[in-house]
A.B. asks: 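So that we are looking at the same thing, I have put the structure below in structure tokens.
Computed from a predicted model, the values in this text were never measured in an experiment. Residue indices begin at 1 and follow the sequence shown.
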Amino acid sequence: MNKNAKKNILDEMQDQKMLKLEEYGFWILFWALAAAILIQLLMGGTLRQIAGEAIVLLVGSVFYVFSSLRNGLWTRNVTPTRKGNLSAAIIAALLVGMLNAVKILKKPEVITNDILPAIAFTAAAFVVCFIVLELFRVVYRNRRAKLDDVDEKTEE
């Protein structure tokens, strides 16, 4: 095994720049995948057609969320709040609602049987998103408290 394979040859400034570039790359890929999925769905794509992009987006998202929570991190400039989670759930529900509205409006004839499931799906997206974000907020707070407690004990 090559011992130099894991050795960091960058100085601190180069290392920070590399981390920033990797962060930008991650977020560009994340939003590009999300946009690709959304555009394909708006163009009438099926779940089977977006499965590849959805799986990659899901795997990356799950890794990011669980790694962040495990390390007691949320974001650099925002702490999770109930109000923020409510706003995010509303945005997610609006996106789902708009996607359903576009699909309904593409049909030649709109009937009530199309509208009611779309409203129910939009409401379900709001509820599920809010519950998941609140769960993450509680996990984050507990993990942060545990890590801060450990840090204080090691300093003493």
A.B. asks: So, do Tyr140 and Leu69 sit near enough that their side-chain heavy atoms are less than 4.5 Å apart?
C.D. replies: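 Of all side-chain heavy-atom pairs linking Leu69 with Tyr140, at least one is under 4.5 Å.
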A.B. asks: Do the charged groups of Glu23 and Arg76 touch, with an N to O distance under 4.0 Å?
C.D. replies: yes
A.B. asks: Do other residues, nucleotides or ligands put more than 12 heavy atoms under 6.0 Å from Glu12 CD?
C.D. replies: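 No - once you tally the heavy atoms of other residues, nucleotides and ligands closer than 6.0 Å, there are 12 at most.
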A.B. asks: Do you know which two heavy atoms are closest between Ile104 and Ala118, and how far apart they sit?
C.D. replies: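 Looking at all heavy atoms of both residues, the closest pair is CD1-CB, 3.6 Å.
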A.B. asks: Does Phe121 have more than 12 heavy atoms from other residues, nucleotides or ligands lying within 6.0 Å of its CZ?
C.D. replies: no
A.B. asks: With the side chain counted from C-beta on, respond yes when Pro117 and Asn113 share a heavy-atom pair under 4.5 Å apart, and no when they do not.
C.D. replies: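 The answer is no, as the side chains (C-beta and beyond) never meet within the 4.5 Å cut-off.
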A.B. asks: Is a side-chain donor or acceptor of Arg137 paired with a backbone partner of Pro80 at a separation under 3.5 angstrom?
C.D. replies: no
A.B. asks: Are side-chain heavy atoms of Leu95 and Leu99 found at a separation under 4.5 Å?
C.D. replies: no
A.B. asks: Mind checking whether Trp74 and Arg141 have side chains closer than 4.5 Å, heavy atoms only?
C.D. replies: no
A.B. asks: Does NZ belonging to Lys106 count more than 12 external heavy atoms closer than 6.0 Å?
C.D. replies: yes
A.B. asks: Does Val78 reach the side chain of Thr75, with side-chain heavy atoms less than 4.5 Å apart?
C.D. replies: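 Heavy-atom side-chain distance check passes, below 4.5 Å.
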A.B. asks: Please table the atom pairs, donor to acceptor, closer than 3.5 Å between any side-chain atom in residues 25-46 and protein atoms at least two apart or in another chain.
C.D. replies:
| residue | atom | partner | partner atom | Å |
| --- | --- | --- | --- | --- |
| Gln40 | NE2 | Ala36 | O | 3.4 |
| Gln40 | NE2 | Glu53 | OE2 | 3.1 |
| Thr46 | OG1 | Gln49 | N | 3.4 |

A.B. asks: Surrounding CG of Leu105 (heavy atoms of other residues, nucleotides or ligands, distance under 6.0 Å), is the total greater than 12?
C.D. replies: yes
